[in-house]
Amino acid sequence: MKCEICKAQEASVHLTQVMDGEVKKLHMCEDCARKGGINIENPVSISDLLLGLGKEEPVEEAPAAPDRACPVCHLRQADFRKTGRLGCPECYAAFATELAPLLRQMHRRDHHVGRTPGAVPGGVSPAEEAAAVQEALDRAVADERFEEAARLRDRLLALRQRIAAGSPAAPEARP
Amino acid sequence: MNVGDLLRQPHLWACGAGEDGIAASSRVRLARNLRGHAFPDWAGEDENLRVWRTLEPVLRALPSMQGSVSAANEAMTDLDRQILVERHLSSREHARKGRGSGIVLRADERLAVMVNEEDHLRMQSLECGLRLHEVWERMEALDREFEERIACAFSPRLGYLTACPTNVGTGLRASVMLHVPGLVLMEEMAPVVNGIQKLGLAVRGLWGEGTEAVGNMFQISNQMTLGAREEDLVGDLDRLVREVIDHERNARARLMRSRETVVRDHVGRALGILGHAHVLTSNETLSHLSALRLGIELGIVERLDRATVDALLLLTQPAHIQRAAGRPLGPRERDEARARLVRERLGEPPRRRRVRKTKA
């Protein structure tokens, strides 16, 4: 099938859209799709396009605010606009003002009413601690601090055993 | 057991059971992220690698994941990763990722966890037929077990925090794969799609986001993830899917009343081509297998069963064809191997010994 826009290349991007009760299909080659602002690597749904996550984002037309960055991961607003993805959990707080209208458009309500995670005893889970120890271990090895690395390795092994043993013996009984 | 061994077992979808086969499979997935870590696309390879090394043993030790296999992306061949995509255990995006990403999945394929796709964890629960509540229960049990061991990024106001704000809140996407040739042949799919979208749900093709519907397969899923309870998201989808199934049944009945010869011809031609062709592309195969599946369900084709067709729907995909051949094949070679496989499985049983002429 040939691209309906340039009528030269083979169509490999297929866009299906419902407008006024009619299904409209557009078959394009990758070049024409890119020119049309469709991100092929991270395809968004049509509704995402309509909600302004695509190239023609209405938020962009708002008075140019200074390009702030997340204090934790340093993702900038421009990065988010480009990919539609945030950098870390803290970005939600850092960009709360910008995200609020977007979330209202995308979702039923602007606050969570579903499941909440059970409390993690002691604040830090063994797995989190293991991750931190692993990081310290990697650094110790890189710096050739081998005595410390051996100590950290033992601690990591103990933590991994605790993680494995922490799993209940049998799956929870279900009615 | 490793990922390659999955090939030797029949796929979950090819269960052959379940109502009338209109709902091919049900799935629920949850997006989760670790507290205090950048999301995979923004984190560097080293951080992703640490997350993978932390999560892999934790996931494998979970009670729900007993008998699981795992593989780091860089330890798999392109073909293996593609096979996981074709079995709907991994996504195209995940298959493209290299070092730092990986997958942990239960050998029966009912539970699978992608690590470092768009989020740190994409956990999915999959089952054939329309079994959303069962699939959700299994998913929730896995989530609970996981949370006892790892702290997830969570905000009391916004719920589970995800890389893309479209998934924030519950992080839940429930979907059902529907085979609706009746609605397509009666040209009634457009209003149905329109109605579903008006209700705030999404309709996509066989391979999810951004893909076209081939083989009359459509995937219906919830779009919103924030502001509703998980059970309600699953329940709403279940009710809607049941309505679409009723429409499909109704369309099939009217089709047989008003255009029986056309339907028989459509099914017969599909069977003829599948049983005798020597070159078959992927899309052509899907569309004829869809017609054949309809023919079986309407009682037009009696000598074959749905499980045979469902197995072929999977085994004729490009990576599966190449795995069966034991080597990479070019497109043309694949089309020939595909046609050979389909002929073997669907061809008329020989009435008498045939003498085949071969070229000297």
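Every chain is numbered from 1 and lettered A, B, ... according to where its sequence line falls, protein lines coming before strand lines.
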Portion of A:Asp110 that has a non-hydrogen atom of chain B nearer than 4.5 angstrom: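 Looking at A:Asp110, backbone and side chain both touch chain B.
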For [X], is it the side chain, the backbone, both or neither that has a heavy atom under 4.5 Å from a heavy atom of chain A?
X	value
B:Arg157	both
B:Pro156	backbone
B:Glu118	both
B:Leu55	neither

Pick from B:Leu172, B:Asp46, B:Thr162: which one has the most heavy-atom pairs with chain A under 4.5 Å? B:Thr162
Among B:Thr225, B:Val203, B:Leu233, B:Val58, which has the most heavy-atom pairs under 4.5 Å with chain A?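 Winner by heavy-atom pair count: B:Thr225.
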Interatomic distance, [X] atom [atom1] to [Y] atom [atom2] [nearest 0.5 angstrom]:
X	Y	atom1	atom2	result
B:Arg53	A:Asp138	CZ	CG	6.5 Å
B:Thr166	A:Arg85	OG1	CZ	8.5 Å
A:His111	B:Ser155	NE2	OG	11.5 Å
B:Arg35	A:Glu90	CZ	CD	10.0 Å

Where [X] and [Y] come nearest, the two heavy atoms and their spacing:
X	Y	result
A:Leu86	B:Pro165	CD1-CG, 4.4 Å
A:Tyr92	B:Leu158	CD2-CD1, 3.6 Å
B:Ala153	A:Pro89	CB-CG, 3.5 Å

Can you tell if the side chain of [X] reaches within under 4.5 Å of the side chain of [Y], non-hydrogen atoms only?
X	Y	answer
B:Val168	A:His107	yes
A:His112	B:Thr170	yes
A:Arg115	B:Asp143	yes

Which one, A:Gly87, A:Gly114, A:Cys91, A:Cys73, leads in non-hydrogen pairs under 4.5 Å with chain B?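 Most heavy-atom pairs under 4.5 Å with chain B: A:Gly87.
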Name the option with the most non-hydrogen atom pairs under 4.5 Å to chain B; the candidates are A:Val72, A:Leu103, A:Leu75.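 Among A:Val72, A:Leu103, A:Leu75, the one with the most close pairs to chain B is A:Leu75.
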What pairs meet the salt bridge (charged side-chain N to carboxylate O under 4.0 Å, His left out) rule with one or both residues in residues 220-229 of chain B, with sequence neighbours excluded? B:Arg229-B:Glu231, B:Arg229-B:Asp232
Within residues 35-54 of chain B or reaching into it, pairs that qualify as ring-ring contact (aromatic ring centres under 6.0 Å, His included) - sequence neighbours excluded: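 Sorted pair list comes back empty.
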